[in-house]
Amino acid sequence: QVQLVESGGGLVQAGGSLRLSCAASAIIFSILDMGWYRQAPAKQRELVADITSRGSTNYADSVKGRFTISRDNAKKTVYLQMSSLKPEDTGVYYCTVKGSRSWGQGTQVTVSS
């Protein structure tokens with residue numbers, strides 16, 4: 001099982017930006033499809049964005065044009081650049097290997113209005 005460690009969350013005002021990072025322990029990271037999910041209080045976990053091993057990306061409609069997912073295979077890290085943040089972006093953000101049971105511990109993002 002791949003170990004994943006997220007970082008970069010915090011408290012930010014609406015309109016601000018944050019960059020989340022997820023470092024993986026996988027020996028061969030480059031072949032993994034990766035994803036970022038988030039879970040707001042009293043809501044189900046939802047997909048925010050994902051990126052394939054070849055770099056193809058997919059975004060939830062609610063974050064298109066504001067968030068960018070990227071990866072650095074040499075550093076075994078996937079990133080989520082979040083801009084123009086809104087209070088509804090508040091939640092715990094999790095990194096995962098798509099199609100696996102590997103999840104990080106999550107990082108809290110709080111956007112104040």
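This one's a predicted model, so the numbers in the text were calculated from it and none came from an experiment.
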- Query: With a cut-off of under 6.0 Å to the ring centre and 45° to the axis, is Arg71 in cation-pi contact with Tyr79?
  - Reply: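 No, a cation-pi geometry is absent between Arg71 and Tyr79.
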Measure the [atom1]-[atom2] distance between [X] and [Y] for me, rounded to the nearest 0.5 Å.
| X | Y | atom1 | atom2 | result |
| --- | --- | --- | --- | --- |
| Leu4 | Ser21 | CG | OG | 12.5 Å |
| Leu80 | Thr68 | CG | OG1 | 8.0 Å |
| Glu88 | Ser62 | CD | OG | 8.5 Å |
| Ser84 | Arg66 | OG | CZ | 7.0 Å |
| Ser100 | Met34 | OG | CE | 8.0 Å |
| Tyr93 | Gln39 | OH | CD | 12.0 Å |

hydrophobic_cluster_shared for [Y] and [X], side chain cutoff 4.5 Å:
| X | Y | result |
| --- | --- | --- |
| Ile27 | Val78 | yes |
| Ile31 | Ile69 | yes |
| Tyr37 | Leu32 | no |

Does any non-hydrogen side-chain atom of [Y] lie less than 4.5 Å from one of [X]?
| X | Y | result |
| --- | --- | --- |
| Tyr59 | Val48 | no |
| Glu46 | Arg38 | yes |
| Asn58 | Ile51 | no |
| Trp36 | Asp50 | no |
| Glu6 | Gln105 | yes |
| Gln81 | Ser17 | yes |
| Leu18 | Phe67 | no |

- Message: So does Arg54 get a backbone contact from the side chain of Thr52, meaning a donor-acceptor N/O pair under 3.5 Å?
- Response: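 Checking the backbone N and O of Arg54 against the side chain of Thr52, a donor-acceptor pair under 3.5 Å is found.
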- Query: Are any side-chain N or O atoms of Asp33 and backbone N or O atoms of Ser53, one a donor and one an acceptor, separated by less than 3.5 Å?
  - Reply: yes
- Task: Could you tell me which residues satisfy side-chain contact (heavy atoms from CB on, under 4.5 Å) with Gln108, sequence neighbours excluded, listed by chain and number?
- Result: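 So Gln108 forms a side-chain contact (heavy atoms from CB on, under 4.5 Å) with Thr90, Val92, Thr110.
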- Could you pull out all residues at least two apart from Ala14 that satisfy side-chain contact (heavy atoms from CB on, under 4.5 Å)?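 With sequence neighbours excluded, Ala14 shows a side-chain contact (heavy atoms from CB on, under 4.5 Å) to Pro87, Val111, given in chain and number order.
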- Anything under 30° is parallel, anything over 60° is perpendicular, the rest tilted; go ahead and classify Tyr94 against Trp103. perpendicular
Residue pair [X] / [Y]: nearest heavy atoms and the distance that separates them:
| X | Y | value |
| --- | --- | --- |
| Ser102 | Gln1 | OG-CG, 3.1 Å |
| Met82 | Val109 | CE-CG2, 3.9 Å |
| Leu20 | Gly9 | CD2-N, 3.6 Å |

- In short, disulfide (SG to SG under 2.5 Å) pairs touching residues 32-113 with sequence neighbours left out are Cys22-Cys95
- Task: Begin from the C-alpha positions of Lys75 and Phe29 and carry the test side chain to side chain contact (heavy atoms under 4.5 Å, CB included) through to its verdict.
- Result: CA-CA 9 Å; Lys75 294 183 178 179; Phe29 174 78; over 6 Å; no
- Message: If the threshold is 4.0 Å, N to carboxylate O, is there a salt bridge linking Asp89 and Lys86?
- Response: no
